[in-house]
A.B. asks: 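Pasting in a structure now, in structure tokens, and then I'll have a few things to ask.
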There are 2 protein chains.
Amino acid sequence: MGQTGAPRGRPRTFDRDAALTQAMRLFWERGYEATSLNELTEAMGIRPGSLYAAFGDKRSLFKEVVHAYARSSVGAFIGIALKEEPTAFRAFARILHQAAAIYPDPSHPAGCLTISAATNVTVQDAEIAVFLRDLRNANLMVFHDRLRTAQQEGELPPGADPRALAGYFAVVIQGMSQRARDGADATELAAIADMAMAAWPEAEPGRSSPN
Amino acid sequence: MGQTGAPRGRPRTFDRDAALTQAMRLFWERGYEATSLNELTEAMGIRPGSLYAAFGDKRSLFKEVVHAYARSSVGAFIGIALKEEPTAFRAFARILHQAAAIYPDPSHPAGCLTISAATNVTVQDAEIAVFLRDLRNANLMVFHDRLRTAQQEGELPPGADPRALAGYFAVVIQGMSQRARDGADATELAAIADMAMAAWPEAEPGRSSPN
DNA sequence: CTCATTGTAGAGCGATCGCTCAATAAGTTG
DNA sequence: CAACTTATTGAGCGATCGCTCTACAATGAG
């Protein structure tokens with residue numbers, strides 16, 4: 001047992017992960033529908049038959065791309081910050097500043113794949129739009145949870161509204177992704193991140209945020 | 001002179017404005033590329049030949065739709081608020097709250113057409129994406145100008161950064177449009193608008209905003 | 001009336017879309 | 001070696017894309 005099992009039949013002639021990365025870049029840059037099978041096979045260096053054998057149809061390839069993206073450094077920074085930072089304030093401040101640095105980074109397409117890859121979609125691909133929307137709304141729930149516990153722990157004042165705050169950060173992050181796609185650079189986005197954090201509640205008395 | 005000129009030839013059998021409105025709804029809901037000529041002609045109640053005679057090709061139809069949108073109540077509220085409100089603070093507060101009410105309004109597709117109609121686009125339609133991006137960036141400049149004069153007039157403290165503030169409001173508005181498309185309702189967006197206005201600078205001393 | 005002008009209707013153009021399939025190649029197994 | 005299994009190749013499927021063209025209808029001008 002535990003035997004890996006010798007691979008049978010003709011071995012693959014391409015690197016599956018590398019091909020997936022190329023597909024990710026295309027979907028990330030152009031979005032789901034605007035990326036054609038022709039462009040995909042060319043970028044991945046394979047023929048349609050190989051693509052369908054290795055990844056299934058375009059839909060499932062895209063979903064696998066999204067999962068790979070979520071596991072990548074660019075896609076995972078939000079969850080990591082929420083896990084590592086001791087306070088909600090520090091977590092969201094870090095998230096916004098990392099987004100400001102990552103979204104316009106020229107080493108990959110601008111903005112967040114999850115936010116922008118399926119905003120315009122035909123009826124027959126509505127499933128893909130719903131798939132990404134659910135992902136975004138799930139992320140919103142994670143924000144909500146973190147802020148609710150922050151309130152229970154006393155970091156947030158009782159008068160604060162965790163749900164509105166979660167929506168606010170989701171809005172700022174999605175807006176920053178859009179602005180990065182419109183050409184905003186890291187410096188501009190960092191200034192925006194600072195502005196956005198100024199809305200953190202309970203700054204009234206002494207402006208001493210739970211640092 | 002001044003003669004309107006009697007229309008020659010066979011008169012049009014459809015209402016051009018009504019047809020344009022139908023095209024707007026489709027582009028607004030699905031985006032530029034995801035809306036097909038087939039859907040357009042069906043929704044507008046005309047045949048392809050009539051569409052091309054009256055509006056030119058798909059590109060120019062879309063551009064005319066965008067101009068009509070900008071003149072509509074849904075598309076023009078930002079400019080109106082900037083013109084009517086005496087202070088920048090009141091203008092942006094009004095803009096955010098109107099966006100919160102308008103973007104999720106069920107009487108039309110969610111969000112802002114200018115923001116979401118061409119985020120994913122193939123290479124051959126890149127011109128359309130650039131067209132909308134330029135529109136968004138022009139709007140950002142309007143924000144910047146308004147905030148710069150607010151600073152010159154003393155409404156904004158000297159330490160404030162009008163450029164960052166303009167980018168911040170652009171981010172919040174674009175994010176609110178996205179959230180509306182993801183299903184956020186007017187109540188939720190209004191709470192977010194309140195949160196966002198709390199970032200307005202120079203709230204330090206007495207929290208008395210220039211109301 | 002005839003003529004010129006404009007609009008409509010419907011068929012269908014070439015190109016591209018996502019995708020499939022038969023033939024062949026390249027491995028392991030016995 | 002032959003048998004089996006899987007991958008690659010390249011042609012090409014039906015459907016849809018944006019768009020055009022021809023035949024005909026409806027108006028005003030003369």
Side-chain angles (χ1 to χ4, degrees), chain A residues 3-20 22-23 26-27 30-65 117-118 120-129, chain B residues 3-20 22-23 26-27 30-65 117-118 120-129:
Chain A
Q3 178 79 15
T4 318
R8 313 226 311 189
R10 179 174 176 174
R12 215 175 256 123
T13 59
F14 65 94
D15 183 338
R16 197 178 184 282
D17 288 344
L20 194 67
Q22 293 307 310
L26 270 183
F27 280 132
R30 303 217 220 293
Y32 175 73
E33 276 195 335
T35 303
S36 71
L37 256 318
N38 226 339
E39 294 173 302
L40 284 168
T41 53
E42 190 176 354
M44 299 164 85
I46 59 178
R47 255 46 58 194
S50 301
L51 190 152
Y52 278 80
F55 299 101
D57 62 5
K58 192 186 174 188
R59 272 177 159 86
S60 53
L61 169 62
F62 178 75
K63 290 185 179 178
E64 190 170 340
V65 158
N120 310 135
V121 109
T122 48
V123 273
Q124 69 261 27
D125 281 322
E127 177 204 333
I128 292 294
Chain B
Q3 178 79 17
T4 317
R8 315 226 311 187
R10 178 176 177 173
R12 212 175 260 122
T13 59
F14 64 94
D15 183 337
R16 198 179 184 281
D17 288 344
L20 194 66
Q22 291 308 310
L26 269 183
F27 280 132
R30 302 214 220 296
Y32 175 72
E33 275 195 335
T35 304
S36 71
L37 257 314
N38 226 339
E39 294 173 302
L40 284 169
T41 53
E42 189 175 354
M44 299 164 84
I46 59 179
R47 254 46 56 196
S50 302
L51 190 152
Y52 278 81
F55 299 102
D57 63 4
K58 192 186 174 188
R59 271 177 159 86
S60 53
L61 169 62
F62 179 74
K63 290 185 179 178
E64 190 169 340
V65 158
N120 310 135
V121 109
T122 48
V123 273
Q124 70 261 25
D125 281 322
E127 177 204 333
I128 292 293

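Note on naming: letters A, B, ... go to the chains in the order of the sequence lines (proteins, then strands), and numbering restarts at 1 for each one.
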A.B. asks: Round to a whole Å and report the spacing from CD1 of A:Ile46 to P of C:dC19.
C.D. replies: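 Rounded to whole Å, this separation is 14 Å.
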A.B. asks: Rounding to an integer number of Å, can you tell me how far B:Asp15 CG sits from C:dT8 C1'?
C.D. replies: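 Distance check: B:Asp15 CG to C:dT8 C1' gives 17 Å.
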A.B. asks: Between D:dT20, D:dC17, D:dT8, which nucleotide has the shortest distance from any of its atoms to the side chain of B:Tyr52?
C.D. replies: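 Nearest to the side chain of B:Tyr52 among the choices is D:dT20.
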A.B. asks: For A:Ser36 and for B:Gly49, locate the closest nucleotide of DNA chain C by heavy-atom distance; then report the residue assigned to the nucleotide nearer the 5' terminus.
C.D. replies: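 The residue closer to the strand's 5' end, by nearest nucleotide, is B:Gly49.
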A.B. asks: Is a side-chain N or O of B:Glu33 found less than 3.5 angstrom from the main chain of B:Thr122, in a donor-acceptor match?
C.D. replies: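 It does hold such a pair.
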A.B. asks: Heavy-atom nearest nucleotide on DNA chain D for B:Pro11 versus A:Thr122: which residue maps closer to 5'?
C.D. replies: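 Upstream on the strand: A:Thr122.
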A.B. asks: Whole angstroms only, please: what is the CZ-P distance between A:Phe55 and D:dA7?
C.D. replies: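 Rounding to the nearest Å, CZ of A:Phe55 and P of D:dA7 are 12 Å apart.
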A.B. asks: Could you tell me whether B:Arg16 and B:Glu64 make a salt bridge, using a distance below 4.0 angstrom between a side-chain N and a carboxylate O?
C.D. replies: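 The answer is yes: the pair qualifies as a salt bridge.
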A.B. asks: Once you round it to whole Å, what is the distance between C1' of D:dC17 and CD of B:Gln124?
C.D. replies: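 The answer, rounded to whole Å, is 10 Å.
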A.B. asks: If the cut-off is 4.0 Å, is B:Ser50 near the phosphate of C:dT8, judged by side-chain N/O to OP1 or OP2?
C.D. replies: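 The answer is yes; a side-chain N or O of B:Ser50 sits under 4.0 Å from OP1 or OP2.
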A.B. asks: Looking only at the side chain of A:Lys58 (C-beta and beyond, no hydrogens), which of the listed nucleotides C:dC19, D:dT8, C:dT6 gets closest?
C.D. replies: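 It is C:dC19.
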A.B. asks: For the pair made of CZ in B:Arg16 and P in C:dG7, what is the distance, rounded to whole Å?
C.D. replies: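 To the nearest whole Å, that distance equals 10 Å.
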A.B. asks: Rounded to whole angstrom units, what separation is found between the CZ atom of B:Arg47 and the C1' atom of D:dC19?
C.D. replies: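 One finds 16 Å between C1' of D:dC19 and CZ of B:Arg47, rounded.
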A.B. asks: A:Arg59 CZ to C:dC17 P: how many Å, rounded?
C.D. replies: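 A:Arg59 atom CZ is separated from C:dC17 atom P by 17 Å.
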A.B. asks: Nearest-Å distance, CD (B:Glu42) to P (D:dT16)?
C.D. replies: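 These atoms are roughly 13 Å apart.
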A.B. asks: Are B:Arg59 and B:Phe62 in a cation-pi contact, defined as NZ or CZ under 6.0 Å from the six-membered ring centre and within 45° of the axis?
C.D. replies: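 Not satisfied by the 6.0 Å and 45° rule.
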A.B. asks: Of all the choices, D:dT5, D:dA7, C:dT6, which nucleotide is nearest to the side chain of A:Arg8 once you look at every atom?
C.D. replies: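 Nearest nucleotide to the side chain: D:dT5.
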A.B. asks: Closest approach to the side chain of B:Pro48, judged atom by atom: which nucleotide of C:dC17, D:dT6, D:dC19 is it?
C.D. replies: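 So the side chain of B:Pro48 is nearest to D:dC19.
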A.B. asks: On DNA chain C, compare the nucleotides closest to B:Gly9 and A:Tyr32; which residue's is nearer the 5' end?
C.D. replies: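 Counting from the 5' end, the first nearest nucleotide belongs to B:Gly9.
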A.B. asks: Taking B:Asp57 for the side chain and B:Ser60 for the main chain, is one N or O donor matched with an acceptor at less than 3.5 Å?
C.D. replies: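 Yes, the answer is positive, given that a donor and an acceptor are paired below the 3.5 Å cut-off.
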A.B. asks: Of the options D:dG18, D:dA7, C:dG7, whose atoms approach the side-chain atoms of B:Arg10 most closely?
C.D. replies: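 Output: C:dG7.
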A.B. asks: Of all the choices, D:dC19, C:dT8, D:dT8, which nucleotide is nearest to the side chain of B:Leu37 once you look at every atom?
C.D. replies: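 Shortest atom-to-atom distance from the side chain points to D:dC19.
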A.B. asks: Just how far is it from atom CZ of A:Phe14 to atom CG of A:Leu51, taken to the nearest 0.5 Å?
C.D. replies: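 If I round to the nearest 0.5 Å, the distance is 7.5 Å.
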A.B. asks: Counting heavy atoms from C-beta on, name the nucleotide in C:dT8, D:dT8, D:dC17 closest to the side chain of B:Thr13.
C.D. replies: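 Of C:dT8, D:dT8, D:dC17, C:dT8 is nearest to the side chain of B:Thr13.
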A.B. asks: Phosphate oxygens OP1/OP2 of D:dG18: is one of them under 4.0 Å from a side-chain N or O of B:Asn38?
C.D. replies: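 For D:dG18, OP1/OP2 do not have a side-chain N/O of B:Asn38 under 4.0 Å.
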